[in-house]
Visitor: 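Structure in structure tokens, see below.
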Amino acid sequence: MRQLLVTSALPYANGPIHLGHLVEYLQTDLWVRFQKMRGHRAIYVCADDTHGTAIMIRARAEGRSEASLIAEMSEAHQRDFAGFGIEFDHYGSTHSEACRAVCHEIWAALRKADMVVEEEIDQLFDTEQGTYLADRFVRGTCPKCGSHDQPGDNCGSCGAAYSPVDLVDPVSTLSGTRPELRRATHLFVRIERMHEFLAGWTQSGTVPPECANYLKNYFLNEPLRDWDVSRPAPYFGFEIPDSPGNYWYVWFDAPIGYIGATAEWCQCQGETLDDWWKSEKTEIHHFIGKDIQYFHTLFWPAMLKTAGFRLPTQVHIHGFLTVDGEKMSKSRGTFLRASKYLEHLDPEYLRYYYATKLSSRVEDLDLNLAEFVARVNSDLVGKVVNLASRTAKFVETLGLSAEYPEDGGLFVHFAERGEEIAEAYENGDFGKAMRMIMELADQANPYVEEKAPWALRKDAARSRELQDVCTVALNLFRTLVIYLAPVLPELARKTGELFDNPIVRWDQAKTPLTGRPIARFSHMMQRVDPAKVESMVRESREEGSAPSPSEAETAAAGASHPSPTAADSGEVLAANPIAPQITIDEFLKIDLRVARILAADEVPEAKKLVRLTLGLGGTETRNVFAGIKAAYAPADLVGRLVVMVANLAPRQMKFGLSEGMIVAAGPGGDDLYLLSPDEGAVPGQRVG
RNA sequence: GGCAGGAUAGCUCAGGGGUAGAGCAGAGGACUCAUAAGCCUUUGGUCGGCGGUUCAAAUCCGCCUCCUGCUACCA
């Protein structure tokens, strides 16, 4: 019997669980369920990731304590996970004494190994908000090409990489004020001292080959930079014991949360933590997304190694979720929260659908909604459940045959495939496992077709034959459900009830059931109703149309995301306060005009721009390049009215001259909303 | 810009030097037990492009195009 400790990445306590998160939690859950069915001892631990600037700022904006914010979020997360049948053995928090204790232990070990150095670094400080600013909270003019309003770490226009302190005219996105340069002491881990160890460990099969290549060619081909693990106050986290006023950076304590959560579980169960984290008898399996690879495959093993903990046996890495081929998008209604899904649809549908699309490779996964409906209905209802549905009621009174009948080797064949299917599960090739199971289902239905129990039923003299046919069909059905049980726990439970024999172990598939009654059959799974999928998307779109500021940072699924219910909370305003007062004369300098979009053209070479031809009435037109490519398709723009800044100085851009600007709300990217006049306005009218 | 990955049928994907595959969708048929499910037959592809290695390339190598992600003081 193997002993396995399995983790999923800790969800950040800054937003609700969405379908992107679930790619990870569902695959971990079904892998753990599989291991348990195989008779191994497996525990699944996870926790909320609670520290960092984002939590501090949000709590401040909502006028509450961080503790109250993270408690509420933890409850919501656990509710969502439970709704999808994700069974943790323990769910903790990084803001726990157990986690703090392990942080202290690992820190002491790093100190003792002389792995920590102090260094003074320059960082921008927002005097109004009273906080140091991470890169993403600063925007300004690119020091290289002079483009305005660029992010703090690299220029979207020329692609140059730089530090926020290099920006010309930096602006804090939190307060809109100009931050000042301050010097602060940071603590760094000299990870380069582990270079040789990491080079060996990462290339030894513990991480997928794609990840090993990436690490080898991007990080390990040169000296590793010191890792900055501290943040000066104010910061929400644990204060570093031997460096007052400095706190551990959230990514220092996040993975330590795995150990903290295990420690709490051990305490409840009377187990010893060292048996799980310092013993070679335990396998440790991390399931993570590809965005956080280097934290788990460089920093994390270096910390564990230094502090004498067991190293991860395997780091399982998955790609991101797209919906209908594109990034999840609020305006399209494809930003689907877990709780919203559960209002409309059965969690088993998604568990199965994801399983069919998951492999051990680091690849993105597309949730195609039409395919989702077809796949679940065709495979689960049409093929699998249909086997029971078309035979069970024929043997309601007779029960199963006393001896397993001759079936032309079908059952033996089904049983023999079990190991092959198990191997696919073991390797994380869930899609392969599902394909093999459906291949078997495709052999079972023709059997029923050939034996035609509906014909046998009409002849009382052949009732024995009818019973035999149904005994075969129902046993084949049960075998399929055993193989699907890690994915579909609810279907497995109902099937256990049908046979009065709970499905708990994989090897139950080796022995057919005979000579026992069959419970009255009732539908085990409803078909997916496409209308429910549509209403889920529609409601998500409606709720997504009022975004809050930190949502701007959401890119691919898997990133943190705040609750849409906070949309009107004042958070938007708090995060981006009103600018200094101006006079009416100053305002009148800006000539805003209603304009009609006469043409909207793709600029294929541009990442963000769309070329607009704006009509101001008559023959008066303006050529404007607008950075709205991610939010609007050109075809949808033509004909609509917008508001433009008509007297803005023209600006020469790479693709041509831009003669104005259209006004829009929102932080940018696909989270952008053009302003339109109400009906009746005509092009050329002044706005004021 | 650098790094990693991807491109195979209308859709979602498997395969990985030796006659191009599955499911769904489409077409035709027989049946009627089953949630309009199931069964039989069937139409779809120069495997992103160009070059190379080879008796043989979707597969190996090189270059190119397009897509995705990451790029260490965001999590």
Side-chain angles (χ1 to χ4, degrees), chain A residues 9-15 49 51-55 121-124 132-137 152-154 158-161 163-164 184 186 188 191 209-219 221 224-231 249-251 254 289-295 298-299 319-320 322 325 327 356-357 359 361-366 368 370-375 377-379 381-383 385-394 431-432 435 438-439 442 444-446 448-450 452-457 470 473 521 523-527 550 553 555-556 558-561:
Chain A
L10 313 188
Y12 197 50
N14 190 28
D49 180 17
H51 292 153
T53 313
I55 299 291
I121 64 166
D122 290 327
Q123 202 176 1
L124 295 173
Y132 283 93
L133 294 168
D135 292 5
R136 68 163 176 157
F137 293 129
D153 49 359
N154 61 68
C158 73
S163 161
H186 281 232
F188 292 77
I191 194 165
E210 299 94 322
C211 173
N213 290 344
Y214 160 67
L215 295 173
K216 190 166 90 184
N217 294 319
Y218 188 76
F219 289 93
N221 61 346
L224 293 162
R225 287 179 244 161
D226 292 345
W227 182 34
D228 186 352
V229 294
S230 77
R231 296 294 180 273
Y249 169 47
V250 56
W251 259 111
K290 62 181 179 181
D291 53 333
I292 58 176
Q293 291 176 71
Y294 56 83
F295 291 106
L298 295 176
F299 306 157
F320 288 136
T322 54
K327 279 184 201 172
T356 65
K357 310 205 64 156
S359 75
R361 311 198 53 184
V362 186
E363 276 181 348
D364 290 350
L365 181 161
D366 185 46
N368 179 299
E371 189 210 9
F372 167 78
V373 175
R375 184 115 240 158
N377 287 344
S378 169
D379 290 358
V381 182
K383 287 178 185 172
V385 174
N386 188 230
L387 276 171
S389 170
R390 69 195 304 201
T391 53
K393 70 175 183 188
F394 294 149
K432 191 174 178 184
R435 279 195 301 280
M438 287 311 136
E439 254 174 55
D442 282 336
N445 275 303
V448 176
E449 206 73 25
E450 188 202 322
W454 54 92
L456 296 174
R457 177 181 66 147
C470 294
F521 183 81
H523 283 181
M524 295 175 130
M525 182 178 284
Q526 300 301 319
R527 296 173 61 76
S550 29
E553 300 305 324
S560 63
H561 206 272

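Naming convention: chains lettered A, B, ... in sequence-line order (proteins, then strands); numbering from 1 in each chain. Worth saying up front: this structure is predicted, and the values here are computed from it rather than measured.
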Visitor: Is there a donor and acceptor pair, one atom on the side chain of A:Trp227 and one on the base of B:rA72, closer than 3.5 Å?
Guide: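 No pair found.
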
Visitor: With a 4.0 Å cut-off on heavy atoms, is A:Asn445 in touch with a base, just the backbone sugar-phosphate, or nothing at all?
Guide: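 Sugar-phosphate only.
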
Visitor: I want to check one thing: is the phosphate of B:rG6, taken as OP1 and OP2, less than 4.0 Å away from some side-chain N or O of A:Arg361?
Guide: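 For A:Arg361, the contact criterion (side-chain N or O under 4.0 Å from OP1 or OP2 of B:rG6) is met.
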
Visitor: Can you tell me whether the side chain of A:Glu449 and the base of B:rG38 have a donor-acceptor pair closer than 3.5 Å?
Guide: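 Yes, the side chain and the base share a sub-3.5 Å donor-acceptor pair.
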
Visitor: Which is true for A:Asn377 with a 4.0 Å heavy-atom rule: it touches a base, it touches only sugar-phosphate, or it touches nothing?
Guide: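 Nothing, no nucleic acid heavy atom in range.
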
Visitor: Return the set of residues passing salt bridge (Lys or Arg N to Asp or Glu O under 4.0 Å) with A:Lys432 (not counting sequence neighbours), or none when no residue passes.
Guide: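 Checked A:Lys432 against salt bridge (Lys or Arg N to Asp or Glu O under 4.0 Å); zero matches.
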
Visitor: Heavy atoms under 4.0 Å, any strand shown: does A:Leu215 hit a base, just sugar-phosphate, or nothing?
Guide: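 Answer is nothing: A:Leu215 stays at 4.0 Å or more from every strand.
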
Visitor: RNA chain B in dot-bracket, Watson-Crick or G-U pairs under 3.5 Å, [ ] crossing, | other strand?
Guide: (((((((..((((....[..)))).((((.........)))).....(((((..]....))))))))))))....

Visitor: Can you see if the side chain of A:Asn213 gets near the phosphate of B:rG5 - specifically, an N or O under 4.0 Å from OP1 or OP2?
Guide: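 Result: yes.
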
Visitor: In whole angstrom, what separates A:Asp379's CG from B:rC24's C1'?
Guide: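 Distance, rounded to whole Å: 9 Å.
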
Visitor: Decide, applying a 5.5 Å centre-distance limit and a 30° plane-angle limit (both strict), whether A:Trp454 stacks on B:rC33.
Guide: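 Stack criterion met.
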
Visitor: Distance criterion of 3.5 Å, no angle test: do you see the side chain of A:Arg435 paired donor-to-acceptor with the base of B:rA22?
Guide: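 Looking at the base of B:rA22, it does not pair with any donor or acceptor on the side chain of A:Arg435 (distance under 3.5 Å).
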
Visitor: Any side-chain N or O of A:His186 less than 4.0 Å from the OP1 or OP2 oxygen of B:rC73?
Guide: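 Answer is no, no contact under 4.0 Å.
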
Visitor: What's A:Val381 touching, base or sugar-phosphate or nothing? Going by heavy atoms closer than 4.0 Å.
Guide: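 Counting heavy atoms under 4.0 Å across all strands, the contact made by A:Val381 includes a base.
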
